[in-house]
Number of protein chains: 2
Amino acid sequence: MSELLTTNRKEQLLEVAAKLFKQRGYAATSMRDLAADLGIEAASLYHHIKSKEEILETICFDLASKFSNVIAEVNDIYFNAEEKLRTAIKNHVQIITQNTNQSTVFLHEWRNLSEPKLSEFMKLRDAYEKGIRVILKDGMNEDVFDDVDEKFASLTILSTVNWINEWYKPNGKMSTEEIAQKLSDFILGGLRKKMVTDINYKP
Amino acid sequence: MSELLTTNRKEQLLEVAAKLFKQRGYAATSMRDLAADLGIEAASLYHHIKSKEEILETICFDLASKFSNVIAEVNDIYFNAEEKLRTAIKNHVQIITQNTNQSTVFLHEWRNLSEPKLSEFMKLRDAYEKGIRVILKDGMNEDVFDDVDEKFASLTILSTVNWINEWYKPNGKMSTEEIAQKLSDFILGGLRKKMVTDINYKP
DNA sequence: GACATAACCTAACATGTGTTAGGCAAAATT
DNA sequence: AATTTTGCCTAACACATGTTAGGTTATGTC
């Protein structure tokens, strides 16, 4: 049982840390703050982790690997480009809404990593963005998407799906699926009113 | 001349502070870091400012007032809704690209404000978002925009224009106007290919 | 019942933090 | 020329920081 308890306690520690890092920021959260929230002394934290930065690393890289997994999966299983993009967006939204605290850390606090972890992390981010770009390229090849600057478009899409983290509250009225669909519609359809004579229209 | 020099020195201080706050974050930037970058001692900073937080306040509220001004201006001078939105986006992009360091602080580091300045700041942000929402409402009334959830759409638009700050470099190859136009096209037009039978199309 | 281990504790460390007090030299003002 | 103001300095403060050392207690295993 000891093994299990350790794991649980450490997971709890990481959870609380993510919560505080989101609330106050990494640098502004002290080990004493963290310990107090867990009901223990600051020194006791070091039975579970090696350093403060190790906590940040764990949170950032855990989420990075989740993102890596889903983008690989989407690009592996073949759909048409639009379905691919919709699935990627749905997965992305799911990760963010199911890991609200960790997402904030992943999106904002990673800057506090120091080398070499910092570079390693940025590489993972870039790889994910490239995954999105592949979908866009596919879509343009298949003539389903308009011709756009890939880099520009991928960044804009990421901005849109990442911004959820800024306002999403777990008990809000919109479900993950609803959010994902609205975002997909927005990204794919735009805002301007048009006669729907969409070439690849599906009901 | 003394008056002028004071102002210049203080502006220089605020500029350097914004740069460091962007690079390392507010909490991770010490007064000694800031002083060193200016070539003076930490204690000397207090001849120009009252406290560290006052610096953060000044940066955040200065930029907030710039945003307030331009949104009021756009909603004051009447265009049709699409032109309004395009102008608002252009203004927004301009503020961000012309104040890169301050923008990062405005977008991310404001969390470090303490009450009552924190609430005051959030009110200003909300007011700006409402300004965007007014444009959307106009557009739907004029039947130029599709019917959308205003809150959702305004947040999505803001996410897109704010994300510029994440990748924009002052010496990049895209001009402010280009960025603004591409973003406007993306937001208004979407990604999916369609026969352009836009009801309100203008060349 | 002896032993191992996990989970915590107290105490302390070296260093970094924002800030204040008081002074001094150069520049601006009178 | 005398005086004020500006812009900086040194020294120090009180406190917060991440982390280490070493000890204690409860829990589970043999």
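Protein chains get the first letters and strands the later ones, always in sequence-line order, with residue 1 at the start of each. Please read these numbers as outputs of a predicted model, since none were measured by experiment.
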Over 12 foreign heavy atoms within 6.0 Å of CD, Q181(B) = no
Using atom OH of Y46(B) as one end and atom P of dG18(C) as the other, report the distance to the nearest whole Å.
-> 7 Å
Determine, step by step, whether S154(A) and E150(A) satisfy the side-chain hydrogen bond (donor to acceptor under 3.5 Å, both in side chains) criterion, reporting the C-alpha distance in whole Å, the side-chain angles of both residues, the deciding distance to 0.1 Å, and the verdict.
-> CA-CA 6 Å; S154(A) 63; E150(A) 286 165 44; over 6 Å; no
Using whole Å, report how far CE of M31(B) lies from P of dC15(D).
-> 19 Å
Is there a donor-acceptor pair under 3.5 Å between the side chain of N165(B) and the backbone N or O of I96(B)?
-> no
Find out whether the Lys NZ or Arg CZ of R125(B) is both under 6.0 angstrom from the six-membered ring centre of F106(B) and within 45° of the ring's axis.
-> yes
Nearest-angstrom distance from the residue atom CG of L13(B) to P of dG7(D) = 12 Å
Where each residue is assigned the nucleotide of DNA chain D containing its nearest heavy atom, which of G39(B) and A28(A) is assigned the position nearer the 5′ end?
-> G39(B)
Using atom CG of L34(A) as one end and atom C1' of dT17(D) as the other, report the distance to the nearest whole Å.
-> 14 Å
Rounded distance in Å - CG (L20(A)) to P (dG18(D)) | 12 Å
Trace of the side-chain contact (heavy atoms from CB on, under 4.5 Å) decision for E53(A) with N112(A) = CA-CA 8 Å; E53(A) 187 158 341; N112(A) 294 287; over 6 Å; no
Atom NE2 of H47(B) and atom P of dT19(C) are separated, to the nearest Å, by 15 Å
Look at the side-chain N and O atoms of S44(B) and state whether any lies under 4.0 Å from the OP1 or OP2 oxygen of dC9(D).
-> yes
What integer distance in Å separates I55(B):CD1 from dT19(C):C1'?
-> 12 Å
Nearest to the side chain of E41(A) - dT10(D), dC9(C), dT19(D)?
-> dC9(C)
Are OP1 or OP2 of dT17(C) and a side-chain N or O of S30(B) less than 4.0 angstrom apart?
-> yes
Send over the distance from I40(A) CD1 to dC9(C) P, rounded to a whole Å.
-> 6 Å
In terms of side-chain heavy atoms of R32(B), which of dT10(D), dT20(D), dT19(C) is nearest?
-> dT19(C)
Taking only N and O in the side chain of H48(B), is any of them less than 4.0 Å away from OP1 or OP2 of dT6(D)?
-> no
Look at the side chain of A43(B) and decide which nucleotide, out of dT10(D), dC8(D), dG18(C), has an atom nearest to it.
-> dT10(D)
